[in-house]
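Values below: every heavy atom of this structure, side chains too, minus hydrogens, waters and symmetry copies. Every chain is numbered from 1 and lettered A, B, ... according to where its sequence line falls, protein lines coming before strand lines.
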Amino acid sequence: MKLVIDSDRCKGCNLCMLVCPYRIFKEGKDQNERGIIIPELDRPERCPNCRLQRLYGRTVCGLCQMICPDQAIRWDDEKENEPQKVVIEF
Amino acid sequence: MQGNTACAEGALAAGCRFFAGYPITPSTEVAEHMAVKLPKTKGVFIQMEDEIASIAAVIGASWTGARAMTATSGPGFSLMMENIGYAAMTETPCVIVNIQRGGPSTGQPTLGAQGDMLQCRFGSHGDYSIIALSPASVQEMFELTVKAFNLSERYRVPTFLMGDEIIGHMRERLTIPDSVEVIGRKKLDPGTMPFKAGGDDIPGFPVFGEGYGVHVTGLTHDERGYPATTNPKAHEKLVMRLVRKVESARKEIADYRVTSPDAEQVFVSYGAPTRTVHQVLHDRPKEEIGHLQLRVVWPFPEFALSEFPEAKSFLVPEMNLGQMAREMERHTDVPVIPIPKLGGELHTPDELVRALEGSR
Amino acid sequence: MSFRDWYRIDRLPTIYCVGCGNGTVINCTLHAVDTLGWKWEETVFVSGIGCSSRAPGYIKTDSLHTTHGRALAFATGIKLARPDLHVVVFTGDGDLAAIGGNHFIHSCRRNVDMTVICMNNWIYGMTGGQGSPTTPRGAITTTTPYGSGEGVFDLSALAVVAGANHVARWTSYHVKELTRAIQTGLETPGFSLIEVLTQCPTAYGRRNKLRDVAETVEYLKDHAILLQKYNRLVQEGKPVPEDMFTVGEFIRRNRPAMGVPP
Ligand SMILES: Cc1ncc(C[n+]2csc(CCOP(=O)(O)OP(=O)(O)O)c2C)c(N)n1
Ligand code: SF4
Ligand code: SF4
Ligand code: SF4
């Protein structure tokens, strides 16, 4: 599964940056059409929830989603044939 | 039986299953009787921490579909005002009994008055409408309490039983019928927006816990029930409907008694002074004296005044400085003569006769 | 179901300011409710007036957004009339402790079966930043322009002495702990208060050198001391830094309660 930030909901508070143990959220640079700077994702495929939520049948970690005050973080299914990089970090 | 007890009995007969209140003279007997009776009928009685909480709990209970009531007097009534406006805005059926005592402030706790007649109509901020009834006997305490519930449920509007200390503490014979007519609230059709009304301006009621998923707010809301606070059209539409649903039903809601419609002198009364008028009529059987007794006071049934085509004066005995007389003046060209009485005692027949003769 | 399914999607995004902690608290509450498998048809959210009290408007259950300070009294009516419904209240520090203070202590005393989630942001957010009963001494608000000189209510301590069956305090940083505490509150028969210290960057932070949202949340994290640790320090006679506040579960007990379903 794929981590995404809903750009219609995100208000750019950067709280997700604060909690992610993998530092997946990075301060964004560009304003979107609503004038909001949305965090950028740094190799989101590292997020354990992307890889493991199907397997475990529950949200794994999920801190960013819980703290996001604007319900902007979710995991989408990949499109068919979308290449998925799996990076294991030690 | 005492008037206050009759009121409680009326509530029980009308299917009241929830009472929240705070003790205050001269209304306390209503609560005390409910405290005895309700637990025996699987109902809920609770003494809250104040009158604000009492009316709040009543409104909360009403959203679960329960017929709910509170009873109070002067100071407690003043405390309830904000939440009464909330009930009007959210169209919550509830019955508020006010056994009136002398005011302002703590005033005369143990004596009667009718000083809250305008407060019950206009006491909360903003424009809205309500229904108010005024009993003049122990029997009417029973009957009009039943009626208050039915009107409140039907029109989804806070409804007031505006009694007073005299009727509340009076002991008279009460006949309780085997059964009374009970009108329930119309339910919301699933799939309909919760605050969308049909031709009668009364939306169906979405009972909590039945899967409607309704949002109820005292903010200006649209037909979905969602806040629309900065939308002038939505506000106007809502408030106009809240007023219209009651005012346009004035004829159906009206309840009054007419005596001697051809009379030139007509007493208009509600509540306790009605009894003095009866005495005067009884004492002077040979004279043609008209009498209009209002059992529903708000919405004011102005058409009732035209039941007296020959009227040359309307004499209005009230235990206040002429609150309803002022309303009558708006509706008729016939002179309206207030007969105010303060101090906690009822008008004497002599006082009314003097006013009657003075008006000839 | 996921906690996200409890939202009224058509109402999002919320009216809350950027970085307002209220959204986080709603997430945690809905997560707790969802984990317990509660049905939305049988759950009612009630609130008073304030930013925090706007929460029920974003949740798809039946919800009653009432008058300022009175939510607990309305909720008492609902719960006593229909004990089978789950009743959860959202409130703010002003709503619960100032105008609603009397209803607060009496609801604790009655121990009415409901869970109350107080978003304590030390300020009146909705009206633009006036002092509240929890505004820290010295803090700048629009009505304490020279620093607040009044004492502060400890809401959790108040609930404990007033008789609530379950009381816990966390912050908007501690999402996991908070969710668990709310879940315990929901499961405990009787009155449960979950006090959540939460950031109001707009009305509080801006005036009190906590403008940056992340910094404020870090502040909450750094100044929270676990109750057990605090007690240990006190026991050992060691100093406790002054501006710390305790978090954790203050009480869980089984006093007789009202409105518990049969
Ligand atoms: C009777 C009454 N008095 C005052 C207000 C104005 N008012 C609205 S919200 C609010 C304060 C809210 O503060 P708090 O409860 O702390 O909630 P927050 O907005 O911080 O979440 C006040 C005073 C009101 N709505 N009703
Ligand atoms: S779920 Fe956890 S690891 Fe994954 S992005 Fe969110 S905070 Fe980071
Ligand atoms: S926490 Fe949510 S709203 Fe805030 S920046 Fe991250 S995604 Fe956006
Ligand atoms: S004013 Fe404060 S409490 Fe209100 S929405 Fe903004 S940040 Fe949140």
*Picking from E210(B), M48(B), E82(B), which has the most non-hydrogen pairs under 4.5 angstrom with chain C?*
M48(B)

*Under 6.0 Å from the CZ atom of F153(C), do we count more than 12 heavy atoms belonging to anything else shown?*
no

*Residues E49(B) and R110(C) bridged, charged N to O under 4.0 Å*: yes

*asked:* How long is the straight-line distance from CD1 of I52(B) back to OG1 of T67(C), given to the nearest 0.5 Å?
replied: 8.5 Å

_How about CD on E187(C), more than 12 heavy atoms from neighbouring residues, nucleotides or ligands closer than 6.0 Å, or not?_
yes

_Let's test your reading of the structure: which of H103(C), E42(C), H106(C) forms the most heavy-atom pairs below 4.5 Å with chain B?_
H103(C)

*Between I59(C), T76(C), L72(C), T61(C), which shows the greatest number of heavy-atom pairs under 4.5 Å with chain B?*
T61(C)

*Rounded to the nearest 0.5 Å, how far does CD1 of I78(C) lie from CD1 of I59(B)?*
10.5 Å

*Residue pair A81(C) / F18(B): nearest heavy atoms and the distance that separates them*: CB-CD1, 4.1 Å

*Quick one: are R8(C) and R224(B) in side-chain contact, heavy atoms under 4.5 Å?*
no

*Between D50(B), I55(B), V58(B), which has the largest tally of heavy atom pairs under 4.5 Å with chain C?*
D50(B)

_How about CD on E150(C), more than 12 heavy atoms from neighbouring residues, nucleotides or ligands closer than 6.0 Å, or not?_
no

*Whether H215(B) and H65(C) hold their rings parallel, tilted or perpendicular, with breakpoints at 30° and 60°*: parallel

*Give, for atom CH2 of W63(B) and atom OG1 of T66(C), the distance between the pair rounded to the nearest 0.5 Å.*
13.0 Å

*asked:* Between L219(B) and R54(C), is there a side-chain heavy-atom distance shorter than 4.5 Å?
replied: yes

_Toward chain B, the part of R11(C) with a non-hydrogen atom under 4.5 Å_ = side chain

*Tell me, out of G57(C), G100(C), S47(C), who's got the most heavy-atom pairs with chain B below 4.5 Å.*
G57(C)

*Do Y212(B) and E41(C) come close enough that some side-chain heavy atom pair is under 4.5 Å?*
no

_Distance check, rounded to the nearest 0.5 Å: T64(B) atom OG1 versus L85(C) atom CG?_
7.5 Å

*Spacing of CZ belonging to R70(C) relative to CG belonging to N83(B), to within rounding of 0.5 Å*: 7.0 Å

*asked:* Atom NZ of residue position K237(B) - does it have more than 12 heavy atoms of other residues, nucleotides or ligands inside 6.0 Å?
replied: no

*In terms of heavy-atom pairs under 4.5 Å, which option from G218(B), A66(B), G85(B), P227(B) contacts chain C the most?*
P227(B)

_Atom pair CZ/CZ of F208(B) and R82(C) - distance to nearest 0.5 Å_ = 11.0 Å

_For the CG atom on D84(C), are there more than 12 heavy atoms of other groups (residues, nucleotides or ligands in this structure) within a distance under 6.0 Å?_
yes

_chain B interface, residue from I49(C), D10(C), V46(C) that has the most non-hydrogen pairs under 4.5 Å_ = D10(C)

*Minimal non-hydrogen separation, A73(C) against A56(B), with atom names*: CB-CB, 3.6 Å

*Apply the test side chain to side chain contact (heavy atoms under 4.5 Å, CB included) to residues L64(C) and Y86(B): give CA-CA distance (whole Å), side-chain angles for both, the deciding distance (0.1 Å), then the verdict.*
CA-CA 11 Å; L64(C) 199 64; Y86(B) 180 84; 3.4 Å; yes

*Identify the two heavy atoms, one from L80(C) and one from V44(B), that lie closest to each other, and give their separation to 0.1 Å.*
O-CG2, 3.4 Å

